[in-house]
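As structure tokens, the structure follows; a few thoughts come after it.
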Amino acid sequence: MPIPLFNSIASWLLKKRYHQIELFLKYPEEVQQEVLVQLLEIAEGTEIGLRYGFNSITNYETFKERVPLVSYEDIEPIIERTRRGEQNLFWPTSVKLFAKSSGTTNAKSKFIPVSLEALEDCHYKSGKDLLCLYLNNNENSQLFTGKSLRLGGSKELYEDNGSFFGDLSAILIDNMPLWAEFSSTPSNKVSLMSDWESKLKAIINESVAENVTSLAGVPSWMLVLLNSMLEETGKDNLFQVWENLEVYFHGGVSFSPYKEQYKSLLPRRQFKYYEIYNASEGFFAIQDRNNADDLLLMLDYGIFYEFIPMDTYNTSEQSEIPLWDVKVGVNYAIVITTNSGLWRYKIGDTVRFTSKNPYRIRVTGRTKHHINVFGEELIIENAEEALKSVCKKAEAEIKDYTAGPIFMEGREKGSHEWIIEFRKAPKDMGYFTEFLDNALKSLNSDYEAKRYNNTTLSMPKVHIARENLFYDWLKINDKLGGQHKIPRLSNKRDYIDELLQMNIDI
């Protein structure tokens with residue numbers, strides 16, 4: 001099919017979907033209640049459905065009372081039974097695909113079920129919706145006159161007992177509809193290569209001569225690819241390689257630490273950045289406006305949402321609430337029920353609502369990725385905002401970082417210890433540390449209280465990481481490429497101690 005004709009047809013089809021999106025924008029509570037009822041009806045004959053009497057659950061209150069909250073460890077045995085070939089345990093249709101977790105919250109691998117319904121009605125539907133929302137906001141877009149440079153996971157799919165597992169991105173690419181493959185680069189063969197460094201070279205070789213109009217991938221790894229592309233071509237910026245580039249679709253990690261670096265690689269004011277929020281368990285939210293810093297929660301993907309206020313999380317006062325009871329500005333842990341058979345599953349992410357009409361969110365971090373050893377409640381959102389502010393003042397650029405606690409010993413007060421790899425280091429680390437401390441105080445009243453007169457916390461300690469420290473750490477731990485991330489904050493010292501030792505050893 002000629003590209004101009006494909007562009008016209010694709011644009012027309014995607015814009016039609018916007019009218020369906022308007023339905024859940026107008027009737028969010030009704031759409032979410034309908035999703036819950038449908039999921040219960042579909043799965044009432046499964047082992048889980050029979051155990052909890054899905055056929056007699058008619059409303060959210062009964063669902064909440066009867067079906068327990070679960071984490072991965074709670075459902076691992078039933079997932080393992082499915083991986084060994086048993087079916088109709090938690091979802092009625094055959095489940096043969098499992099997204100292997102990148103393991104940022106656990107050393108142990110997780111295998112998240114991905115049903116055919118989730119592939120079509122969640123993951124692929126969200127891909128089309130992302131384009132739909134973008135085109136709705138940018139009517140003169142020429143997106144489909146070229147290709148999207150996608151950067152997926154660096155793990156191949158593996159077969160075990162008739163089931164398949166791998167990175168979610170590998171599963172999506174391997175099962176991709178023809179229209180998506182036609183408009184993407186590199187080829188599926190290159191996209192599914194397992195060795196990151198060989199894959200990087202292959203992507204450059206395949207994509208350098210293409211007419212790339214969009215980029216899609218995790219910011220940290222995409223930055224490695226784009227810098228390598230400039231080194232290979234000898235160009236000053238990416239528009240000299242692909243003159244028709246117009247948008248970067250990103251997700252997986254916060255974009256804040258990388259934004260200024262992308263602006264230097266893509267020096268056009270009209271270039272667009274669109275954020276997404278997805279995970280192995282599902283696709284949840286999409287930026288629906290140009291230049292916005294929040295995301296529209298997508299309510300008709302076969303996912304029913306609940307939320308736990310973080311100030312009561314894992315306490316005796318904990319109580320889950322449905323979407324229609326959330327409040328703007330409160331930090332919540334997310335609970336999902338999905339069309340892959342996850343029932344009231346805690347995914348470990350936290351969000352804050354910026355709006356209820358429509359429901360828009362910001363991702364604030366992870367339930368396990370924070371520092372709260374001394375009651376300071378430091379979350380990733382605080383860290384990212386503080387670093388962004390400090391880098392602007394200090395004229396610095398950060399490549400990667402992690403932080404953990406320094407525990408109290410004897411009369412010594414506690415503090416936070418950071419290790420930061422800079423792309424452009426500040427001239428004075430003393431001032432940088434002071435700026436960081438003050439920025440955290442201004443963003444987090446609990447941190448400020450613990451730092452007041454050094455009552456509980458002393459001034460943070462910041463180390464400069466050697467070049468490629470975090471890359472080497474990921475390589476040693478077999479986590480290069482794709483959706484793998486640096487653990488940003490931790491209540492323990494496991495990550496930072498290992499990185500500090502590597503910083504000394506080499």
Legend entry - Side chain proximity check, Y134 to V247, heavy atoms < 4.5 angstrom: yes
Inset, instruction - Answer whether the closest heavy-atom distance between the side chains of L39 and W343 falls below 4.5 Å. - result: yes
Legend entry - Salt-bridge criterion met for R344 and E306 (N-O under 4.0 Å): yes
Inset, instruction - Kindly say whether N314 contributes a backbone atom to a donor-acceptor pair with the side chain of Q318 at under 3.5 angstrom? - result: yes
Inset, instruction - Determine yes or no for a side-chain-to-main-chain donor-acceptor pair under 3.5 angstrom, with Q287 supplying the side chain and E275 the backbone. - result: yes
Legend entry - Counterpart residues, salt bridge (Lys or Arg N to Asp or Glu O under 4.0 Å), relative to R423 (two or more places apart): none
Legend entry - Parallel, tilted or perpendicular: rings of Y248 and H250 (30°, 60°): tilted
Inset, instruction - Please answer whether the main-chain N or O of S191 pairs with a side-chain N or O of K199 as donor and acceptor at a distance below 3.5 Å. - result: yes
Legend entry - Heavy-atom donor-acceptor pair, N477 side chain to W473 backbone, under 3.5 Å: yes
Legend entry - Residue pair Y274 / D288, side-chain donor-acceptor N/O under 3.5 Å: no
Legend entry - Side-chain donor or acceptor of S355 paired with backbone N/O of P358 under 3.5 Å: yes
Inset, instruction - Just do the side chain to side chain contact (heavy atoms under 4.5 Å, CB included) check on R360 and R289 with the steps written out, would you? - result: CA-CA 11 Å; R360 292 195 178 104; R289 300 170 295 170; 3.5 Å; yes
Legend entry - Sub-4.5 Å side-chain heavy-atom contact between L266 and F239: yes
Inset, instruction - Identify the two heavy atoms, one from V114 and one from S340, that lie closest to each other, and give their separation to 0.1 Å. - result: CA-OG, 3.5 Å
Legend entry - Within 45° cone of Y332 ring axis and under 6.0 Å: R352 NZ or CZ: no
Legend entry - Heavy-atom pair with the smallest gap, counting every atom of I308 and L69: CD1-CD1, 4.1 Å
Inset, instruction - Would you sort out whether T350 and I334 count as a side chain to side chain contact (heavy atoms under 4.5 Å, CB included), showing the intermediate values? - result: CA-CA 6 Å; T350 61; I334 304 179; over 6 Å; no
Inset, instruction - Would you tell me whether D400 and Y471 have side-chain atoms, one donor and one acceptor, within less than 3.5 Å of each other? - result: no
Legend entry - V390 vs N438 side-chain heavy atoms within contact, under 4.5 Å: no
Legend entry - Donor-acceptor contact present, side-chain Y262 to main-chain P219, <3.5 Å: yes
Inset, instruction - Supply the atom-to-atom distance L131 CG to S148 OG, rounded to the nearest 0.5 angstrom. - result: 8.0 Å
Inset, instruction - Drop me the distance from D294's CG to T354's OG1, to the nearest 0.5 angstrom. - result: 3.5 Å
Inset, instruction - Mind checking side chain to side chain contact (heavy atoms under 4.5 Å, CB included) for V70 and listing every partner two or more places apart, or none if nothing turns up? - result: D74, I75, Y345
Legend entry - Contact summary for A439 and A386, nearest pair of heavy atoms: CB-CB, 3.8 Å
Inset, instruction - Measure from the ring center of Y52 to the ring center of F63 and say whether it is less than 6.0 Å. - result: no
Inset, instruction - Any chance you could lay out the side chain to side chain contact (heavy atoms under 4.5 Å, CB included) test for H463 and I420, step after step, and finish with the verdict? - result: CA-CA 6 Å; H463 304 272; I420 302 174; over 6 Å; no
Inset, instruction - Could you go through the salt bridge (charged side-chain N to carboxylate O under 4.0 Å, His left out) check for K388 and E385 one step at a time? - result: CA-CA 5 Å; K388 179 181 177 181; E385 284 298 313; 5.0 Å; no
Legend entry - Pair E61 + K64, salt bridge at N-O below 4.0 Å: no
Legend entry - 4.5 Å side-chain heavy-atom contact, F284 and I303: yes
Inset, instruction - May I ask you to decide if Y301's main-chain N or O and K125's side chain share a donor-acceptor pair within less than 3.5 Å? - result: no
Legend entry - Centroid separation Y401 to F470 less than 6.0 Å: no
Legend entry - Atom pair CG/CG of L135 and L143 - distance to nearest 0.5 Å: 6.0 Å
Legend entry - I380 versus L489, closest heavy-atom pair with distance: N-CD1, 3.6 Å
Inset, instruction - Would you check if L172 and Y124 make a side-chain contact, meaning some heavy-atom pair closer than 4.5 Å? - result: yes
Inset, instruction - Give a yes or no answer on whether the side chain of E434 reaches the backbone of G430 with a donor-acceptor pair at less than 3.5 Å. - result: no
Inset, instruction - Kindly compute the distance separating CG (D428) from CZ (F435), expressed to the nearest 0.5 Å. - result: 8.5 Å
Legend entry - K201 atom NZ, over 12 foreign heavy atoms within 6.0 Å: no
Inset, instruction - Ignoring hydrogens and angles, state whether a donor on the side chain of S141 or N138 is under 3.5 Å from an acceptor on the partner side chain. - result: no
Legend entry - N444 side chain to L440 backbone, donor-acceptor under 3.5 Å: no
Inset, instruction - For L149 and S207, work out which heavy atoms get closest and say how close. - result: CD1-OG, 3.4 Å
Inset, instruction - Decide yes or no for E376 and R451: does some side-chain heavy atom of the first lie under 4.5 Å from some side-chain heavy atom of the second? - result: no
Inset, instruction - With rounding to the nearest 0.5 Å, note down the distance linking CD in E397 to CG in L387. - result: 13.5 Å
Legend entry - Donor-acceptor side-chain pairing of N468 and K399 below 3.5 angstrom: yes
Legend entry - Ring geometry between W324 and Y60 (parallel below 30°, tilted from 30 to 60°, perpendicular above 60°): perpendicular
Legend entry - K100 NZ/CZ over F111 ring centroid, <6.0 Å and within 45° of normal: no
Legend entry - Pairing residues for R493 by the salt bridge (Lys or Arg N to Asp or Glu O under 4.0 Å) criterion, not counting sequence neighbours: E417, D497
Inset, instruction - With side chain to side chain contact (heavy atoms under 4.5 Å, CB included) as the test, would you mind laying out the steps for T337 and Y305 before giving the verdict? - result: CA-CA 7 Å; T337 292; Y305 294 98; over 6 Å; no
Inset, instruction - In plain terms, say whether E197 and K475 are close enough for a salt bridge, that is, a side-chain N and a carboxylate O under 4.0 Å apart. - result: yes
Legend entry - Main-chain N/O of S169 paired with D167 side-chain donor or acceptor, under 3.5 Å: no
Legend entry - Reported CG-to-NE2 distance for the pair L168 and H123, which is rounded to 0.5 angstrom: 5.0 Å
Legend entry - Side-chain touch S319/T312, heavy atoms, less than 4.5 angstrom: no
Inset, instruction - Looking only at non-hydrogen atoms, find the nearest pair between S126 and I286 and report the distance. - result: O-CD1, 3.7 Å
Inset, instruction - Check the side chains of D437 and Y447 for a donor-acceptor pair under 3.5 angstrom, ignoring hydrogens and angles. - result: yes
Legend entry - E395 atom CD, neighbour heavy-atom count above 12 within 6.0 Å: no
